[in-house]
Every structure is written in structure tokens, then in C-alpha cells.
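Here the structure is a predicted model, which is why all the values come from computation and not from measurement.
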Amino acid sequence: MRAVEKHYPQLVEKYQRLFGPDGKLPSYYRQAFAEKVKGLCVQYGLRDRLF
């Protein structure tokens, strides 16, 4: 958030609404994102983990 505050101060309020006070995306959004990434990994034959 510090980088946003420094370089894009006009976006701070929007980011705070999206990420909340703890700086994390809502769990439903994280889950949807993880499912999308997993589907793309399957589609392109990539592993969805680093190890």
C-alpha cells in the first residue's frame, strides 16, 4: 500500500475499499482467482505450484 500511496495517491481510497484495512483481497475473490489460475494451468499444461 505504501507504493500506491507514494506513486498513485489518487488510488489509495479505491484500493482501501477493495483490499480492506488488512490489505488483503476478500476470501471470495482470492478463491475465484485461485480457481481461474488453476484452470489456466490445466489448459496450458503448467504446474500450479512452485514446488
Side-chain angles (χ1 to χ4, degrees):
M1 191 58 85
R2 287 183 294 216
V4 174
E5 291 170 347
K6 180 177 179 180
H7 299 288
Y8 306 99
Q10 72 278 12
L11 296 177
V12 169
E13 186 177 325
K14 184 176 182 179
Y15 273 56
Q16 287 174 335
R17 281 194 314 268
L18 177 62
F19 293 103
D22 61 358
K24 296 181 180 178
L25 287 170
S27 61
Y28 70 87
Y29 193 98
R30 287 193 313 267
Q31 181 65 31
F33 184 80
E35 289 175 15
K36 180 67 174 177
V37 169
K38 187 172 184 175
L40 289 170
C41 287
V42 169
Q43 181 180 348
Y44 292 103
L46 301 171
R47 295 185 319 180
D48 64 349
R49 300 281 186 261
L50 293 175
F51 45 90

Asker: Could you tell me whether Gln10 atom CD has more than 12 heavy atoms of other residues or ligands within 6.0 Å of it?
Answerer: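 Check passes, neighbour count above 12.
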
Asker: Could you measure the distance from the CD atom of Gln31 to the OH atom of Tyr29? Nearest 0.5 Å is fine.
Answerer: 13.5 Å

Asker: Is it the case that one hydrophobic cluster holds both Val37 and Val42, taking links as side-chain heavy atoms less than 4.5 Å apart, direct or via other members?
Answerer: no

Asker: List the atom of Leu18, the atom of Pro26, and the distance in Å for their closest heavy-atom pair.
Answerer: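 Smallest heavy-atom distance, with atoms named: O-CD, 3.5 Å.
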
Asker: Where do Phe19 and Asp22 come nearest, in terms of heavy atoms and distance?
Answerer: O-OD1, 3.3 Å

Asker: Side-chain heavy atoms nearer than 4.5 Å, only ILVMFWY residues, links allowed to pass through others: does that put Tyr8 and Leu25 together?
Answerer: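 They do share one cluster, since a chain of ILVMFWY contacts under 4.5 Å joins Tyr8 to Leu25.
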
